[in-house]
Amino acid sequence: MNNIFTYIIAILTGAAGVLAFSPFDLWGFAYVSLIGLLFVIKNPQKKTALLSAFLWGLSFFSIGVSWLHVSIHQFGGSPLWLSYILVVVLAAYLSLYPLLFAYIVRRFNVTSLVIFPVIWTFTEFLRGWIFTGFPWLQFGYTQIDSPFYGIAPLFGVTGLTFFVMWASAVIFTGISALIQTPKKLPVALVNALLLLSVGGLAALSSQKIFVKEVPEKALTVTLAQGNIEQNLKWDPQYLYATLDIYRKLILEHLATSDLIVLPESALPALENQLQPFYQALQTATQEKGTEVLIGSVYHDEKSGKLLNSIVSVGNSAQPYQAGNAASAMRYSKHHLVPFGEYVPLENLLRPLGSVFNLPMSAFQSGDFIQKPLLAKGRALTPAICYEIILGSQLQQNLQPNTDFLLTVSNDAWFGDSIGPWQHLQMARMRALELGKPLIRATNTGISVFINAQGKVISQAPQFEQTALTEKIAPTEGKTPYAALGDKPLYLLAFIFVMLRVLAIFIKRKVLKSAV
């Protein structure tokens, strides 16, 4: 009966963790969820503890990434039951990382409160790295609207995740001391005071000491949201209707906007096949003095690569030349989504069924480090769709002259689910970490302008064909995270481990000498 109770706690608190993320944004549930995880892994029975950790992860990830079934079922052609099974299979794989966390805690009998977040950071690093990584649902994202958001410009979302686990361990230990071991209460109180000091300093810290707005360099930017249904997007018969929609949205804002941004793969055909459209757009933009950035599917004939890219049209310094798309200013996506944009073990898996043959699942990668895109003399560091969740990649691509962050996406793959809202939350974190305003253009929403504090300035309604225009000023300067990335946090974690090892060594020496 005790085991069943433990399993129920694991499942419920795992599910509760999803409420901390968008669109729910109940950030306090992040602590509730992790306290639940710590409770179940402290079960006296090792097997019960490890199974509970796995069930916690299975509940958390099955609900948290449930939106994936939309693309698998509606656009991959799989039966509904199979789409849910595949989501659970992915969740089971992701649950191995909380299980590893529980195993390490049990194996080394971890009691030092600061070591809990060190181990959690290690397992989260593995989750974001193995098999190209899936760093979705990191608890640090939930804190972007909490009083502790000021940690992000210092240590990034990884540092915020570290803080959430540390705080959860302190709270859990304090409750345990009150109920079971009052002798440990002073230690818990000391840790609580240290935690409150760190959290308080974070709450008081201001990103404005690192970066400042430059109003004289502001641009008037328009986001064109075509709202093309995913089941129509790659239909050849709908191509001209799509071109007309974006032509209309662009023409309405020529001359009045400095820059117009279209979403990922906005025009659903090879850029090489749409040269008359691009040539006419180049002429019109040059006449009106407006530049356009377009999410494009481009075949690089020189390298033979099919690229998911953003191309610049109307830039006077590097104009889009008729019949020579290779000469245009371009960013090509580096981090591709497995199965969505490329198929691992393609010769083996593609013949197995439609789930491995989604439209446009044969892309190749662009370079890891690429130059910013330029518009009206302003530099924009770009990321396409999934790449915006990769904080380290964006941080390493940030240049001294970067004025804005830019991301284009097509979240129509996930319908009216929680997925696009989680995606937006992660985009907000990139702006906060790096201290740069972020411009986000999407097909069906959520198209937004985000300031350097990670707050949404303006937002287009979801599932509407519309354009959103905003005058947005860049920032200059660097946050500590923009300058150093995750290195300081990893160094700090290493120091904590070394201090703990040293403390254990000294304690054993003292005990041995006393004997």
Who passes side chain to side chain contact (heavy atoms under 4.5 Å, CB included) against [X], sequence neighbours left out?
{"X": "S168", "answer": "Y31, L34, I35, L38, V164"}
{"X": "T444", "answer": "N227, A412, F463"}
{"X": "S59", "answer": "I11, A15, I63"}

Distance-only side-chain donor-acceptor flag, T466 / Q225, under 3.5 Å: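 Side-chain D/A pair, T466 to Q225: absent.
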When you check the side-chain N and O atoms of T222 and T469, is any donor under 3.5 Å from an acceptor?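 Yes, because at least one side-chain N or O of T222 sits under 3.5 Å from a partner of the opposite role on T469.
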Using 0.5 Å steps for rounding, measure from the [atom1] atom of [X] to the [atom2] atom of [Y].
{"X": "I115", "Y": "M165", "atom1": "CD1", "atom2": "CE", "value": "13.0 Å"}
{"X": "K436", "Y": "I450", "atom1": "NZ", "atom2": "CD1", "value": "15.5 Å"}
{"X": "C385", "Y": "N410", "atom1": "SG", "atom2": "CG", "value": "7.0 Å"}
{"X": "T381", "Y": "Q395", "atom1": "OG1", "atom2": "CD", "value": "11.0 Å"}
{"X": "I369", "Y": "N397", "atom1": "CD1", "atom2": "CG", "value": "4.0 Å"}
{"X": "T123", "Y": "Y97", "atom1": "OG1", "atom2": "OH", "value": "9.5 Å"}

Report the residues that fulfil ring-ring contact (aromatic ring centres under 6.0 Å, His included) with [X], sequence neighbours left out, ordered by chain and then residue number.
{"X": "W120", "value": "F101"}
{"X": "F122", "value": "none"}
{"X": "W27", "value": "none"}

Taking all heavy atoms of [X] and all of [Y], pick out the closest pair and write down the distance.
{"X": "M429", "Y": "I144", "value": "N-CD1, 3.5 Å"}
{"X": "N401", "Y": "P372", "value": "OD1-CG, 4.2 Å"}
{"X": "L99", "Y": "A53", "value": "CA-CB, 4.2 Å"}
{"X": "G415", "Y": "V70", "value": "N-CG1, 4.0 Å"}
{"X": "T13", "Y": "A10", "value": "OG1-O, 3.4 Å"}
{"X": "Y149", "Y": "P153", "value": "O-CD, 3.6 Å"}

Only pairs at least two apart or in different chains count here, so list each salt bridge (charged side-chain N to carboxylate O under 4.0 Å, His left out) that has a residue in [range].
{"range": "residues 169-182", "value": "none"}
{"range": "residues 412-431", "value": "D145-R428, R430-E433"}
{"range": "residues 111-129", "value": "E124-R127"}

If the threshold is 4.0 Å, N to carboxylate O, is there a salt bridge linking E387 and K333?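 Here E387 does not pair with K333 in a salt bridge, since their nearest N and O are not under 4.0 Å apart.
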Between K217 and D403, is the closest basic N to carboxylate O distance under 4.0 Å?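 Yes.
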Side chain to side chain donor-acceptor pair (under 3.5 Å) against D411, all qualifying residues, sequence neighbours excluded: S409, H423, R440
Quick check on side-chain contact (heavy atoms from CB on, under 4.5 Å): which of [options] does [X] satisfy it with?
{"X": "L293", "options": "L262, L373, I260", "answer": "L373"}
{"X": "I151", "options": "L160, T161, L432", "answer": "L160"}
{"X": "T6", "options": "V40, L55, I41", "answer": "V40"}

Can the ring centres of F172 and F116 be said to be less than 6.0 Å apart?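 No - the distance between ring centres of F172 and F116 does not fall below the 6.0 Å cut-off.
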Can you check whether Y93 reaches F131 side chain to side chain, under 4.5 Å on heavy atoms? yes
Does a side-chain heavy-atom distance below 4.5 Å link L380 with L405? no
Is there a donor-acceptor pair closer than 3.5 Å between any side-chain N or O of [X] and the backbone N or O of [Y]?
{"X": "N451", "Y": "G454", "value": "yes"}
{"X": "S309", "Y": "S332", "value": "no"}
{"X": "S146", "Y": "F148", "value": "yes"}

Stepwise side-chain contact (heavy atoms from CB on, under 4.5 Å) check, R330 with I310: CA-CA 6 Å; R330 184 183 306 278; I310 304 171; over 6 Å; no
Where at least one partner belongs to residues 384-403, residue pairs that pass ring pair (Phe, Tyr, Trp, His ring centres under 6.0 Å), sequence neighbours excluded: H335-Y386
Name each donor-acceptor pair under 3.5 Å that joins a side chain in residues 484-508 to protein atoms two or more places apart or in another chain, with its distance.
residue, atom, partner, partner atom, Å
D486, OD1, T158, OG1, 3.4
R500, NH2, T111, OG1, 3.4

Report the relative orientation of the aromatic rings in H334 and F368; use parallel for angles under 30°, tilted for 30 to 60°, perpendicular for over 60°.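 Ring orientation of H334 relative to F368: perpendicular.
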Take I9 and W56 through the side-chain contact (heavy atoms from CB on, under 4.5 Å) test and state the conclusion after the steps. CA-CA 8 Å; I9 291 294; W56 179 93; over 6 Å; no
Any cation-pi pair here, K455 with F449, using under 6.0 Å and within 45°?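 No - K455 does not lie over the ring of F449 by the 6.0 Å and 45° rule.
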With side-chain contact (heavy atoms from CB on, under 4.5 Å) as the test, would you mind laying out the steps for Y7 and T48 before giving the verdict? CA-CA 8 Å; Y7 298 148; T48 301; 3.8 Å; yes
Applying ring-ring contact (aromatic ring centres under 6.0 Å, His included) between W136 and each of W67, F60, Y141, F61, report the one that passes.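 Only match with W136 under ring-ring contact (aromatic ring centres under 6.0 Å, His included): W67.
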Taking it one step at a time, do E264 and N308 satisfy side-chain hydrogen bond (donor to acceptor under 3.5 Å, both in side chains)? CA-CA 8 Å; E264 179 188 16; N308 186 354; 2.8 Å; yes
Residue pair F163, L195: steps toward the side-chain contact (heavy atoms from CB on, under 4.5 Å) verdict: CA-CA 8 Å; F163 176 84; L195 178 72; 3.6 Å; yes
